[in-house]
There are 2 protein chains.
Amino acid sequence: MAGGSTTPGRSVTSRALAVLDAFDSNSPRLSLSEIAERAGLPLSTAHRLLGELTDWGGLERRADGRYEIGRKLWDLGLLAPVQLELRQVATPFLLDVHTATRDTVHLAVREGRSALYVERISGRESVPVVSQVGSRLPLHATGVGKVLLASAPDDVVEGMLRGLTRETRHTVVDPARLRRELTEVRRRGYARTAEEMSLGTLSVAVPVRAERGGAAVVVAALGIVVPSHRRDVARLVPVLEVAARGIGRQVSRVQHFH
Amino acid sequence: MAGGSTTPGRSVTSRALAVLDAFDSNSPRLSLSEIAERAGLPLSTAHRLLGELTDWGGLERRADGRYEIGRKLWDLGLLAPVQLELRQVATPFLLDVHTATRDTVHLAVREGRSALYVERISGRESVPVVSQVGSRLPLHATGVGKVLLASAPDDVVEGMLRGLTRETRHTVVDPARLRRELTEVRRRGYARTAEEMSLGTLSVAVPVRAERGGAAVVVAALGIVVPSHRRDVARLVPVLEVAARGIGRQVSRVQHFH
DNA sequence: CCCGGCCTTCCGCTGGGTGGGAGGAGCTCC
DNA sequence: GGAGCTCCTCCCACCCAGCGGAAGGCCGGG
């Protein structure tokens, strides 16, 4: 019974949060001992915290003893601004694009050096894609990513250029070439990729601009993914642009209320 | 400086959780003092907890000093089983229905005496509806609700019948009549409502059945909402049934993995 | 039957959370 | 312009709530 030899620098609250941090998309269901190990907590401590979180409703306990994210956390997540503002106004426009093209449609925002996928509409007949809502993919290998990178601050661009990862054999990993591509994206107003993130797919994307503090800034990117045999993707740019303008208008309006 | 005269029965963890509980869909952005009051905490305590939650990434602080739900909680919410299992497999089928009908399509599960809306697909041209993803609406006044109620345990049905709330002048508030309707729903396999939740709309819904423990049980309801001048809604039932069977098959399969 | 993995519960110690209060920033009103 | 208000931030001594080692229970496999 050593008592409260609490590890310095870790508050009580942060222990409970460390428990939640144990969950991610690769392991949405965990047992007590898995959670204790991931959170770096003694079994008994993890056990008590799990009990409290479960009573609260943030976690749920399955019949097999494993824990998973519960209703309360789902509800809270729905209140996040990315969900509340952007996604809600954008979804109908994504639907328009999907209706017109039957392809997979994406909406993404920049988060650091990643494209964060905020919404996706994908029919059963669309090409399979790696991205899901909540995914983060590198900015240099996707259509929406290139659009977001083209409007990102210089330090983000420079940081990216220093460490271009190869996702497929077609990924652009030459900094000079990517820099030229970004210039091209800014000039003509849309980005393309060809099998740079996953083989067999092309993508096109356009920026979503909204008014923020008097200036039009890129707040998101709208893109579609098609099978790579389809060579007519540039034809789809106007469809995307109409939707992007619609989203931008709505976002500008919504932000005025707050 | 009175020190830790902690209110009995409220653990440290639950204080942090009480802070999160302060947020709901009516007030997704709150100031420090609002949160402190809602959570029943002293200002200084709430202040520190907000700092910890913000550092963690579960909350974000706006320029105006207010707090809102942050990325981390959004991410966690996406891991909830309602999202992960049901919603992910169902969305393509909802899209099929929407493509065929152009109307608002809903997927809901039962949570106590409410229908919890798990997914919604609604175009810009669809009728405006009250429900959003995450909404809870009464079981007796919506199409998906009646379907879910028709397959609910007896005690839930009896509980509902004792307190039928009137949502519009067309809401069924007579227990005997609702009981007859539920029998009818079970018999013919779908439910209808006419302006019972909001004026100007009709709805039709069918059950989604999946195999659980060897038996086919109703795990969700799939419904559409149309303007009330459209009198041909029963015609849409087969479309819903095809989609519901597709969802049910997928859900049965997914659950076998776990 | 014994062993190992996993979960649950117990309990005395102690250090970190607590909350009153002081101080400051920003605002309105007279 | 300053008095008064609301709201936020920070500090600090107290003391109790959380802590975690350990023991016991359960289950399944060898």
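Only heavy atoms go into these numbers, but all of them, side chains included; no hydrogens, no water, no symmetry mates. Letters A, B, ... mirror the listed sequences (proteins, then strands); counts begin at 1.
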Quiz item: Between A:E52 and A:R48, does at least one N-O distance fall below 4.0 Å, as a salt bridge requires?
Solution: yes
Quiz item: Charged N to carboxylate O below 4.0 Å: is that the case for B:K72 and A:D21?
Solution: yes
For [X] and [N], give me the distance from atom [atom1] to atom [atom2], rounded to whole Å.
X	N	atom1	atom2	value
B:E52	C:dG16	CD	P	13 Å
B:R66	D:dC8	CZ	C1'	13 Å
B:L41	C:dG17	CG	C1'	12 Å
A:R62	C:dC6	CZ	P	19 Å
A:L50	D:dC19	CG	P	12 Å
A:R48	C:dC11	CZ	P	16 Å
B:E37	D:dC8	CD	C1'	16 Å

Using the side-chain heavy atoms of [X], tell me which of these nucleotides is nearest: [options].
X	options	answer
A:R15	C:dT8, C:dT18, D:dG20	D:dG20
B:S44	D:dG21, C:dG20, D:dC8	C:dG20
B:H47	C:dT18, D:dT9, D:dG21	D:dT9

Quiz item: Can you find a donor-acceptor N/O pair under 3.5 angstrom joining the side chain of A:T45 to the base of D:dG18?
Solution: no
Quiz item: How would you label the contact of B:R61 with the nucleic acid (heavy atoms, under 4.0 Å): base, sugar-phosphate, or nothing?
Solution: sugar-phosphate
Would you list the protein and nucleotides 4-7 of chain D atom pairs, both N or O, that sit under 3.5 Å from each other?
none

Check whether [X] reaches the backbone of [Y] with its side chain - one donor and one acceptor, N or O, closer than 3.5 Å.
X	Y	answer
A:H140	A:L161	no
B:S126	B:S122	no
A:R15	A:L41	no
A:R245	A:I247	no

Exercise. Would you give the length of the straight line joining atom OG of B:S44 to atom CG of B:L32, rounded to the nearest 0.5 angstrom?
Key: 9.5 Å
